[in-house]
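Not measured: the values here are computed from a predicted model. Numbering of ligands and ligand atoms starts at 1, following listing order. The analysis underlying the following values was restricted to heavy atoms, covering all of them including side chains, and did not include hydrogens, waters or symmetry mates.
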Amino acid sequence: MSLNIIVMAKQVPDTRNVGKDAMKEDGTINRAALPAIFNPEDLNALEQALRLKDKYPGTKVTILTMGPARAAEIIREGMYRGADNGIVLSDRAFAGADTLATSYALATAVKKIGDFDLILGGRQAIDGDTAQTGPATASFLNIPQITLADSVDIQDGWVVCTRVLESRSERVRAKLPALVTVCKEINTPRYPTLPNIMKANRKPITVWAAADIDADTNETGMPGSPSSTKKVFEPEKRGTDTVYFIGSVEEMAAQLVDMLENERLI
Ligand code: FAD
């Protein structure tokens, strides 16, 4: 059995390394001042695709990203780790997209790719943090979706996953073709290898504009985005009062109980 896997990956500003130039005066992110990286959980999605490729020889892994031209950097990085191909959706018509317009563009590109069994993505991007893009893309494609997966395998035409929830795990399956978003606990991404680097440097990266995927430009970029950011601000810090109890353990316990009773907390 071999699979065609598409990995949705986003190039994001490295928010773990924020300097003083990172924010503009209007509170929006100054992307130019931040190093750009492969969204961490998308590396986990890629690693999972590569593990399926190791298990099922003949499997093809294609990375799909939407962003400015420099987003091709993560495709190259993905190829260094073992991906076969990469496609960048880059066009002014995609700029200013919210999650709905992003998902529409990604789903339209997937339709153009045509032949796929499984789409893997990260649970969320570290800049937007909405975790909406995976589910919305599956919805545009009208295929089943599984979110928050910490294991992914294929059995008899189904994708079988474990989902990590707060107090329990779930084992679920979906008929292929399907979309799965993974969380960081699923695996440890492999490093690039020299043979992959040499092979990847000879490979072209496909760049598609809106017209290449027959996207309706009323549904992409700003025209296709029903949400807009009104204001970005830091929430006011709430002050906390520290209360110290003095005395023996029994006296301090009694004072604590009195306080909780007075506050009607017990
Ligand atoms: P999540 O939904 O948290 O991502 C989940 C997963 O989906 C990722 O792990 C990845 O697998 C996949 N994914 C997400 N985005 C992509 C992508 N682009 N390509 C491939 N896979 C992806 N951002 C800009 O850079 N420029 C703008 O001008 C801009 N304008 C915006 C305007 C509005 C009104 C809003 C609301 C957002 C705007 N954004 C802009 C942010 C951008 O739309 C989101 O970053 C994007 O839609 C993805 O959402 P997210 O970051 O929350 O990703």
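- Per-residue contacts place G121 under 4.0 angstrom from the following atoms of ligand 1 (heavy atoms of the residue considered): 11 (O).
- Note that CG of L89 and CE of M66 are 7.0 Å apart. Values are rounded to the nearest 0.5 Å.
- Polar contact check, K10 against ligand 1: a nitrogen or oxygen pair lies under 3.5 Å apart.
- When only interatomic distances are considered, the shortest N/O to N/O separation between Q132 and ligand 1 falls below 3.5 Å.
- The protein atom (non-hydrogen) at minimum distance from atom 20 (C) of ligand 1 is A9 O, 3.0 Å.
- Heavy-atom contacts of L64 reach the following atoms of ligand 1: 20 (C) (cutoff under 4.0 Å).
- A salt bridge links R190 to D54: at least one charged side-chain nitrogen sits closer than 4.0 Å to a carboxylate oxygen.
- L118 contributes atom CG, which lies 7.0 Å from atom CG of L52 (distance to the nearest 0.5 angstrom).
- Remark: ligand 1 and A131 share an N or O pair separated by less than 3.5 Å (distance only, no angle test).
- How far NZ of K199 is from OG1 of T193: 7.5 Å, rounded to the nearest 0.5 Å.
- When each of N85, D115, I5 is tested with K60 by the rule side chain to side chain contact (heavy atoms under 4.5 Å, CB included), just one qualifies, namely N85.
- The protein heavy atom nearest to atom 19 (N) of ligand 1 is M66 N, 3.0 Å.
- Nearest to atom 8 (C) of ligand 1 by heavy atom, out of L46, V7, D42, T133, is D42.
- Salt bridge present: E41 and R123 bring a charged side-chain N and a carboxylate O closer than 4.0 Å.
- Polar contact check, G122 against ligand 1: a nitrogen or oxygen pair lies under 3.5 Å apart.
- Geometrically, ligand 1 and R123 share no nitrogen or oxygen pair separated by less than 3.5 Å.
- Ligand 1 lies nowhere less than 4.0 angstrom from a heavy atom belonging to A45.
- At a 4.0 Å heavy-atom cut-off, ligand 1 does not touch T137 at all.
- Counting heavy atoms only, D98 comes closest to atom 33 (C) of ligand 1 of the residues D98, T99, T147, D127.
- Among all non-hydrogen protein atoms, the one lying nearest atom 41 (C) of ligand 1 is A97 O, 3.9 Å.
- Here the protein heavy atom with the shortest distance to atom 47 (O) of ligand 1 is T102 OG1, 2.8 Å.
- For L106, every heavy-atom contact with ligand 1 shorter than 4.0 Å involves the side chain, none the backbone.
- Looking only at protein heavy atoms, the nearest one to atom 52 (O) of ligand 1 is T130 OG1, 2.6 Å.
- In terms of protein heavy-atom proximity, atom 26 (N) of ligand 1 is nearest to G96 N, 4.5 Å.
- No side-chain donor-acceptor contact under 3.5 Å links N39 and Q11.
- I37 places a side-chain heavy atom less than 4.5 Å from the side chain of I126.
- Although no hydrogens or angles enter the test, the distance criterion places no donor-acceptor pair under 3.5 Å between the side chain of Q145 and the main chain of G134.
- Any N or O atom pair closer than 3.5 Å counts here, and A95 shares no such pair with ligand 1.
- In this structure, CG in D98 is found 8.5 Å from OG in S103, a value given to the nearest 0.5 Å.
- Close contacts of ligand 1 with Q124, meaning ligand atoms under 4.0 Å from a residue heavy atom, involve 3 (O), 4 (O), 5 (C), 9 (O).
- For ligand 1, the atoms closer than 4.0 angstrom to any heavy atom of N39 are 9 (O).
- Among protein heavy atoms, the minimum distance from atom 34 (C) of ligand 1 is reached at S227 O, 2.8 Å.
- Sequence neighbours left out, the pairs with a member in residues 130-153 that pass salt bridge (charged side-chain N to carboxylate O under 4.0 Å, His left out) are K55-D153.
- Hydrophobic clustering places I143 together with M8 (ILVMFWY residues linked when any side-chain heavy atoms are closer than 4.5 Å, directly or through intermediates).
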Is there a salt bridge (Lys or Arg N to Asp or Glu O under 4.0 Å) between R238 and E236 once you walk through the steps?
CA-CA 6 Å; R238 281 198 298 165; E236 227 173 83; over 6 Å; no
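- To the nearest 0.5 Å, atoms OG1 (T59) and CG (D84) are separated by 9.0 Å.
- Polar contact check, M8 against ligand 1: a nitrogen or oxygen pair lies under 3.5 Å apart.
- Residue contact check: S228 has heavy atoms under 4.0 Å from atoms 34 (C) of ligand 1.
- Atom CH2 in W208 sits 4.0 Å away from atom CD1 in I87 (nearest 0.5 Å).
- Residue contacts with ligand 1, taken as heavy atom pairs separated by less than 4.0 Å, do not involve E41 at all.
- Atom 4 (O) of ligand 1 has its closest protein heavy atom at A125 N, 3.4 Å.
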